[in-house]
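What you see is a predicted model, and the numbers here were worked out from it, not measured in a lab. Computed over heavy atoms, backbone and side chain alike; hydrogens, waters and symmetry mates excluded. Just so you know, ligand 1 is whichever comes first in the structure, and atom 1 is the first atom listed for that ligand.
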Amino acid sequence: MAFLQMKSYAGRLLLTVLLGLFLSCESKVTNTSKKEESKDPIAYKIDSILSNMSLEEKIGQTAQRGKSSRVKELPKDLKEAVRKGQIGSFLNIMNKEDAKELQMLAVEESPNKIPLIFARDVIHGFKTIFPIPLGQAASFNPMLVQEGARVAAIEASTSGIRWTFAPMLDISRDPRWGRIAESAGEDPYLTGVMAEAYIKGFQGEDLSSPTSMAACAKHFIGYGAAEGGRDYNTANINENLLHNVYLKPFKIAVNAGSATFMTSFNDLNGVPASANKYILKDILRDEWGFDGFVVSDWNSIIEMINHGFAKDKKEAAEKSINAMLDMEMTSASYQDYLKELIEEGKFSEKKLDVIVRNILRIKFRLGLFHNLYFDSNDTILYDKKHLASAQESAAESTVLLKNINNLLPINSKKKLAIIGPLANAPHEQLGTWTFDGEKEHTITPLKSFQQDGQYTIQYSEGVSYSRDKSTKGFGNAINTAKSSDVILFFAGEEAILSGEAHSRANINLPGVQEELINELHKTGKPIVLVIMAGRPITLGNIIDKVDAVLMAWHPGTMGGPALKNIITGVVSPSGKLPVTWPKEVGQIPIHYNHKNTGRPVIPEEFVHMDSIPIAAWQSSLGNTSHYLDAGFLPQYPFGYGLSYSNFKYSDVRISSANPKIGDTITVKTIITNTGNIKAKETVQLYFRDMVGSLTRPVKELLRFKKVTLEAGASKEVIFNFSTDDVSFYGQDKLWVTEPGDFKLWVSKHSMDEANELEFTLE
Ligand code: BGC
């Protein structure tokens with residue numbers, strides 16, 4: 001084991017701390033922070049360091065720098081800056097020897113010996129890659145998500161990475177937006193549950209443990225509401241939506257102890273997030289009491305010049321620092337202009353101290369001042385337990401969307417034709433934001449079937465990558481299909497087609513995949529379509545040509561064995577959609593938790609445009625909020641996902657039909673696995689506030705529980721919630737719980753209304 005230890009440094013630190021303890025009596029801190037922090041031993045230590053720091057060094061703490069991967073050696077000027085205490089953090093230092101060298105310079109040679117924090121985008125795994133976050137959300141299993149984040153932290157910390165830029169908590173109602181892949185989908189409650197799971201997993205039980213990473217709730221805020229799903233675009237979000245939908249998961253992240261936050265690139269209602277006092281100060285600090293630090297996104301401070309919000313870098317720095325944005329990622333406007341701004345009275349050193357305190361507080365909580373070693377033992381990477389956990393996560397993320405005549409699972413006597421560009425694409429199945437994942441360690445579905453050896457398989461890729469427009473492989477694929485019993489078609493998008501800046505206007509299967517499916521359909525062989533993609537894919541052109549559909553997202557390192565087990569029935573699928581799946585792009589944005597409108601859909605009265613007589617009299621009668629061509633239904637609703645088993649819900653009941661504000665309400669049901677296979681089911685509880693002083697959504701997810709049931713077994717599922725859980729941010733800019741009528745549904749998905757309950761809040 002190689003350790004990086006700072007023994008001599010520790011001695012000096014002790015002296016500094018003791019001196020600081022003495023000095024802190026005199027230190028000039030604001031009254032509030034002095035009062036609050038006087039109880040906290042870390043605060044004394046920070047005071048003591050702060051009192052020794054020069055202005056230049058304080059500004060240094062706000063700087064986060066990177067090193068281009070194309071530059072081999074650590075540049076001299078970068079080392080010099082660390083030596084002078086001009087850098088507080090690094091991102092994306094790929095090489096751990098470099099990380100060690102920089103850290104040594106900081107703690108041995110910089111004026112106040114303040115350690116650096118090394119950050120990285122460890123989004124869904126470091127080496128062992130888990131499904132993309134949208135896939136993990138589909139598992140509806142926060143324990144698994146927490147476990148995945150823990151594995152990521154254990155592996156990444158071997159490279160000295162103690163800060164990850166995750167989880168991404170942007171509510172995404174637009175699958176054109178490439179970064180939907182990194183989100184937990186469209187629902188604020190589900191995203192909040194996932195937020196807590198990721199944060200607990202990354203940060204571990206003790207943030208100061210060398211295998212813990214500080215989490216970063218991002219992107220604050222509104223990034224997922226980008227106009228037209230075009231990345232970086234403007235977000236116009238009214239107060240009601242901002243509080244009731246977009247902010248919710250971030251509040252949960254604060255409560256779960258997220259050490260840091262990251263601002264978003266977008267302009268929110270005219271004010272770029274990186275200089276938005278309302279969100280950064282009024283909400284995050286004053287209302288929620290967040291005491292970690294906030295980092296900008298990559299260059300997002302100086303990008304305010306492009307936004308037309310600052311005339312130059314200096315003005316950009318002035319606006320962001322006055323919004324109390326603590327750390328600047330990559331650009332250097334703080335470094336170049338903060339001193340001048342302070343001298344000109346446009347910002348104060350006292351306020352800068354608050355910012356430096358925020359940053360040092362997290363460095364202390366990470367234990368960086370006491371314990372700088374990291375275990376750089378690589379043998380933990382791809383540990384068997386990590387791979388098993390990644391496989392379980394991939395299996396539970398997979399959603400069965402269609403299964404005509406119970407084509408799935410497939411028994412071992414059938415001859416399988418494995419076809420399609422994602423059947424054996426080890427790099428692609430890792431998905432977006434996987435800088436450290438290695439395709440050599442990925443097990444693809446083809447490899448997994450080959451390794452298993454029990455199945456008669458034939459392989460023909462048909463098209464070699466998802467965007468491939470060549471049909472030259474069709475002949476072979478068709479022949480392969482003809483000599484098999486069932487076609488397993490692995491379709492989708494390459495990893496590069498989703499993620500940052502990778503929005504798509506057309507979200508069909510790219511290239512000639514649809515054409516190949518059409519040709520394969522003509523063989524008369526049943527087709528199982530397995531999709532690997534970073535977003536829902538519109539399937540209108542081919543959905544009737546396939547018999548079964550499995551959505552595997554980008555499933556990560558162990559996607560192959562997970563999918564093989566599902567296809568062959570070793571595991572029953574249990575994923576549920578964390579996002580509404582549109583039939584057509586024109587329906588977007590489409591989400592289950594919409595408002596009712598004055599003319600809600602009346603299914604019986606819907607008239608498709610093809611049924612309108614020619615030269616019809618101009619009338620809106622019978623027309624409600626729908627499309628004449630696409631209708632009003634999505635392809636699949638939020639929360640939807642089939643199983644190889646069936647589940648019966650019975651004895652659905654509520655503790656009281658007339659609860660009072662402040663009461664805890666209990667909903668119970670008995671769930672029975674009526675099939676003949678062990679399976680998991682996610683029981684979902686939705687509510688609707690029937691009348692509000694602000695219009696309320698037609699449905700909102702309130703609770704969910706994933707249960708495992710042996711064939712024939714029953715279990716009681718109990719949901720408790722408080723009346724606060726049905727409150728909303730109202731017209732008076734306060735959270736209110738209003739008396740009145742509520743409906744509840746204990747459901748299999750967001751459109752299932754079989755088990756309805758009612759209560760009247762008094
Ligand atoms: C992304 C962030 C990411 C950062 C650092 C930015 O482009 O928006 O999510 O954490 O880069 O890599």
Under 3.5 Å, is there a donor-acceptor pair between the side chain of Ser172 and the main chain of Glu186?
-> no
Which residue pairs pass the ring pair (Phe, Tyr, Trp, His ring centres under 6.0 Å) test with at least one member in residues 150-177, sequence neighbours excluded?
-> Trp163-Phe165, Trp163-Phe293, Trp177-Tyr223
Kindly confirm or rule out a cation-pi arrangement of Lys218 over Phe261, judged by NZ or CZ under 6.0 Å from the six-membered ring centre and within 45° of its axis?
-> no
What does the N/O contact table under 3.5 Å look like for ligand 1?
{"unit_1": "ligand 1", "atom_1": "7 (O)", "unit_2": "Glu500", "atom_2": "OE1", "d": "2.7"}
{"unit_1": "ligand 1", "atom_1": "7 (O)", "unit_2": "Glu500", "atom_2": "OE2", "d": "3.0"}
{"unit_1": "ligand 1", "atom_1": "8 (O)", "unit_2": "Arg179", "atom_2": "NH1", "d": "2.7"}
{"unit_1": "ligand 1", "atom_1": "8 (O)", "unit_2": "Asp297", "atom_2": "OD1", "d": "3.3"}
{"unit_1": "ligand 1", "atom_1": "8 (O)", "unit_2": "Asp297", "atom_2": "OD2", "d": "2.5"}
{"unit_1": "ligand 1", "atom_1": "8 (O)", "unit_2": "Glu500", "atom_2": "OE1", "d": "3.4"}
{"unit_1": "ligand 1", "atom_1": "9 (O)", "unit_2": "Arg179", "atom_2": "NH2", "d": "2.9"}
{"unit_1": "ligand 1", "atom_1": "9 (O)", "unit_2": "Lys218", "atom_2": "NZ", "d": "2.7"}
{"unit_1": "ligand 1", "atom_1": "9 (O)", "unit_2": "His219", "atom_2": "NE2", "d": "2.7"}
{"unit_1": "ligand 1", "atom_1": "10 (O)", "unit_2": "Asp121", "atom_2": "OD1", "d": "2.6"}
{"unit_1": "ligand 1", "atom_1": "10 (O)", "unit_2": "Lys218", "atom_2": "NZ", "d": "3.1"}
{"unit_1": "ligand 1", "atom_1": "12 (O)", "unit_2": "Asp121", "atom_2": "OD2", "d": "2.4"}

By side chain to side chain contact (heavy atoms under 4.5 Å, CB included), Lys251 pairs with (sequence neighbours left out) Asn255, Trp288
Does Phe638 have any ring pair (Phe, Tyr, Trp, His ring centres under 6.0 Å) partners at least two apart in sequence or in another chain, and if so, which?
-> Tyr592
Measure from the ring center of Phe130 to the ring center of His124 and say whether it is less than 6.0 Å.
-> no
